[in-house]
Structures are given as structure tokens and as C-alpha cells.
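One structure is given below, encoded as C-alpha cells.
Numbers for residues simply follow the sequence, beginning at 1.
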Amino acid sequence: MSEADETRDDVALTNLDQPLSDRDDATKRDLVDYLDAVSGRILPQLRDRPLSVIRVRPGQPPFMQKNLPRYTPAWVRRVPVWAEASHREISYALCDDRRTLLWFANQRAVEYHPTLATTADPHRPTHLVLDLDPPEGDGFRAAVAAALLVRQALADAGLTGAVKTSGAKGVHVFVPVADGPTAEELAAATRALAVRAERLDPALATTAYIKEDRGGRVFVDATRAGGATVVATYSPRLRPGMPVSFPVDWADLTEVAPADFTIRTAPSLLGDGDPWAALMPPPQPLPADLVAEGRTIPVARVQAMHEGKRRARARREAG
């Protein structure tokens, strides 16, 4: 075993001193050490949830891996999920323990994207999520302002949520839900909250799914529902500086920047704590009026698909 190799929890870790990617000066060891340091905090976000990861290999573009490769060790837990889009069964990993997390780190899995539902009930997500996606450029401040609109919309509906940086340029708001609403009910409530937030300041926020219709505003993305995934709290992101998705107290949200939280700084900021667990409110029932309102709002992707076809037809007719 070379100096760049070692074993932790019976997982052979190799080539640890190699650069992780050409986007940063981080090494594979930096990734492994970070994930190991926060394993007690990130594993609760991954446990029992089908997992997709973004991996990076030397000389290759990053790629998302859903289906486990054939060489995956037998001790990695997995769950079969039927993929309607590709009409095949996908074998998803369940990253339930430190050993599995270390194995993924050794595979150069940088980003961790679990589903919103657990294997116990795949059709009932545990959280409602709104993703605040600012326009191109340094739009984090705008994303924060939009997140505060979402907070107000939640309060007006009698709900509370927790907030985290996405690790990229946006902000995620999570609302834990009680009484097991269906994915359809949760998606409807999410759409209603997005529209209510947009209504509070339409010059800042928009629910327009088509980018060219957003007009430089923050996209209040209500599509993180059903079988969707969201990057896990404490997951690294494959961005310059290796930022991580990090929980923030609402009172501090206007004072932070994504670059404050990286694989190098996050462990010392956390200490022995888990702010995501501490900041997360208890599960709340979905108000019936939110669900009812949301059912009157078109599903964004479907609406965008029809609008795209309409615009293409108009262009053909004009030409």
C-alpha cells in the first residue's frame, strides 16, 4: 500500500493525493476527510433514501450516477426503482452508514442527491421543498431575498421551514410535513406556496419555468416534488472552492455567502453540532386550502412543454 492509500472501516481508499478535479486544487483525500468528518451529520439526510451522486474522474466530465455499477460491493445496500422515463429498473444505493459513504468518496462521488421520500413509503415525500434559483451571475443576494418571501408565504399559511445554501448560487427552503400527504398533494401545496411568494414581490420572484420568461428574476422552483432529488445538507458541490450545502439560521441568512461554507471550513464551523437538525421545525400538516389552491395551478413542466410547442409552431408559421 502506497502512502497515498489507506483503509478506513474496511474500505480501501486509493490515490488519495491525486487532484480531485481540474476545477479546484482539492485532492481526493480532502474529499474523503471532509465526508468522514461530517458523516454523523450527512448520513441522517441520506439514510433509507435512494441516492444519486455526481462523480468526477480524471480527464472526464462529471456525470450523475443513479444505477449502481456492477463492481459495487455486495455490502452496499440497494433498492430497485422502476424508471418510467427509461422503462427499466434502476438499482439505487442506500447510503446508510460510514462504510458506504467512504466507499462513495473513494469512487470520487462529490455530490449527494437523495430522494425526498424514503424506502418506507416511496410515494409520500417527507419534506416540502422550494428551490430559489437566481439568474446568471452573482445572484445569491437575490436568492436570499426570494427565500424571505417564501418564509413570509409559509408564515401566512401557518407553516415554518428551515433554510440552507444550495452550495451553488441558490437557497433551499425545507418544510417537514406530517400525516403523510401524497406526492400529488405535496406538489400542489408547493406550487401554491411558490405562487404566493411570487405574488408578494413579482418584480423579484417568478414561477416562470421557461428561462427566457424570467426577466432576470429569481425562479421560485416548485418542481422539487414527487420523485425529485435535492442535494443533501452538508453535501459538497462540484464548484470552484468546493462549497457545501450548509444550514443557516433565518436571522443570519442575509449575512452569509456560499463561499463561507466549504469542505475546508465546514467541519470547524460545525464542531460537534448539527445545525440542520437543530433548526428543522417539527413535521406539520399541510393546510387543505394550500392543496386545493395548488391543484388549480398548472404543473410547470407540463405547461412549459405545451408552451414550447406553441412557440415552435408560431415560429414555423411566421417563417
Side-chain angles (χ1 to χ4, degrees), residues 1-2 4-24 26-120 122 167-168 224 226-239 242 244-245 263:
M1 183 177 293
S2 74
D5 298 345
E6 62 179 81
T7 299
R8 300 186 200 178
D9 211 351
D10 295 326
V11 176
L13 304 170
T14 58
N15 302 313
L16 291 176
D17 294 336
Q18 283 187 355
L20 188 60
S21 76
D22 58 5
R23 302 182 179 204
D24 192 75
T27 64
K28 187 176 171 183
R29 184 184 298 278
D30 293 327
L31 175 68
V32 170
D33 285 348
Y34 168 74
L35 288 169
D36 204 8
V38 302
S39 61
R41 275 64 66 92
I42 194 173
L43 285 172
Q45 317 307 319
L46 306 179
R47 190 168 288 121
D48 292 325
R49 298 177 188 270
L51 178 66
S52 302
V53 295
I54 292 182
R55 294 175 56 194
V56 58
R57 287 174 170 167
Q60 297 182 23
F63 64 97
M64 177 167 276
Q65 175 183 292
K66 298 181 178 183
N67 206 21
L68 280 171
R70 292 180 181 177
Y71 56 79
T72 303
W75 47 260
V76 173
R77 281 188 67 212
R78 62 203 75 197
V79 61
V81 177
W82 179 256
E84 197 60 47
S86 55
H87 298 287
R88 66 186 181 118
E89 195 172 77
I90 302 293
S91 180
Y92 280 90
L94 297 174
C95 189
D96 292 344
D97 52 35
R98 175 179 179 247
R99 188 185 189 193
T100 304
L101 185 63
L102 288 170
W103 180 79
F104 269 114
N106 192 58
Q107 297 295 308
R108 294 173 176 263
V110 176
E111 298 191 12
Y112 294 77
H113 297 251
T115 59
L116 289 173
T118 67
T119 56
R224 305 289 185 163
T229 65
V230 182
V231 70
T233 314
Y234 307 119
S235 171
R237 302 303 303 270
L238 195 58
R239 302 286 195 280
M242 292 294 288
V244 305
S245 181
I263 62 170

Checklist entry - Does the side chain to side chain contact (heavy atoms under 4.5 Å, CB included) test come out yes or no for Tyr92 and Thr115, once each step is laid out? => result CA-CA 10 Å; Tyr92 280 90; Thr115 59; 5.7 Å; no

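- A search for salt bridge (charged side-chain N to carboxylate O under 4.0 Å, His left out) contacts involving Arg237 returns Glu111, not counting sequence neighbours.
- The shortest non-hydrogen separation linking Gln45 to Thr233 is CG-O, 4.0 Å.
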Checklist entry - Between Met64 and His113, does a side chain to side chain contact (heavy atoms under 4.5 Å, CB included) hold up when you go through it step by step? => result CA-CA 10 Å; Met64 177 167 276; His113 297 251; 4.2 Å; yes

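- Closest of all the heavy-atom pairs between Ala117 and Pro122 is CB-O, 3.3 Å.
- Under a 3.5 Å cut-off, the side chain of Arg224 and the backbone N or O of Thr229 do form a donor-acceptor pair.
- With sequence neighbours excluded, the residues that form a side chain to side chain contact (heavy atoms under 4.5 Å, CB included) with Glu89 are Pro80, Trp82.
- Scanning for side-chain hydrogen bond (donor to acceptor under 3.5 Å, both in side chains) contacts around Arg239 gives an empty result, with sequence neighbours left out.
- Between the side chain of Ser235 and the backbone N or O of Tyr112, at least one donor-acceptor pair lies under 3.5 Å.
- Take Pro44 and apply the side chain to side chain contact (heavy atoms under 4.5 Å, CB included) test, not counting sequence neighbours, and it matches Arg47.
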Next on the checklist: Working note: Leu51 + Phe104, criterion side chain to side chain contact (heavy atoms under 4.5 Å, CB included); need CA distance, chi angles, decisive distance, verdict.
Outcome noted: CA-CA 11 Å; Leu51 178 66; Phe104 269 114; 4.0 Å; yes

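- With sequence neighbours excluded, the residues satisfying side-chain hydrogen bond (donor to acceptor under 3.5 Å, both in side chains) with Gln18 are Arg108.
- Listed by chain and number, the residues in a salt bridge (charged side-chain N to carboxylate O under 4.0 Å, His left out) with Arg98 are Asp9, Asp36 (sequence neighbours excluded).
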Next on the checklist: Working note: Arg55 + Gln60, criterion side chain to side chain contact (heavy atoms under 4.5 Å, CB included); need CA distance, chi angles, decisive distance, verdict.
Outcome noted: CA-CA 10 Å; Arg55 294 175 56 194; Gln60 297 182 23; over 6 Å; no

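- A distance-only check finds no donor-acceptor pair linking the side chain of Asn15 to the backbone of Asp5 [under 3.5 Å].
- Under the 3.5 Å distance criterion, the side-chain polar atoms of Asn106 are matched with a main-chain donor or acceptor of Thr14.
- Applying the salt bridge (Lys or Arg N to Asp or Glu O under 4.0 Å) definition to pairs two or more places apart or across chains, those involving residues 60-80 are Asp48-Arg77, Arg77-Asp96.
- For Pro19, the side chain to side chain contact (heavy atoms under 4.5 Å, CB included) criterion is met by no residue, not counting sequence neighbours.
- Arg99 places no side-chain N or O within 3.5 Å of a backbone atom of Asp10 that could act as its donor or acceptor partner.
- By the side-chain hydrogen bond (donor to acceptor under 3.5 Å, both in side chains) test, Ser245 is found to be paired with Lys164, residues two or more places apart in sequence or in another chain being considered.
- Side-chain contact between Cys95 and Ile42 is absent, with no heavy atoms from C-beta onward closer than 4.5 Å.
- Applying the side chain to side chain contact (heavy atoms under 4.5 Å, CB included) test to Asp30 and every residue at least two apart in sequence or in another chain returns Ala26, Thr27, Ile263, Arg264.
- Considering every non-hydrogen atom in both Thr119 and Pro50, the closest pair reads CG2-CD, 4.1 Å.
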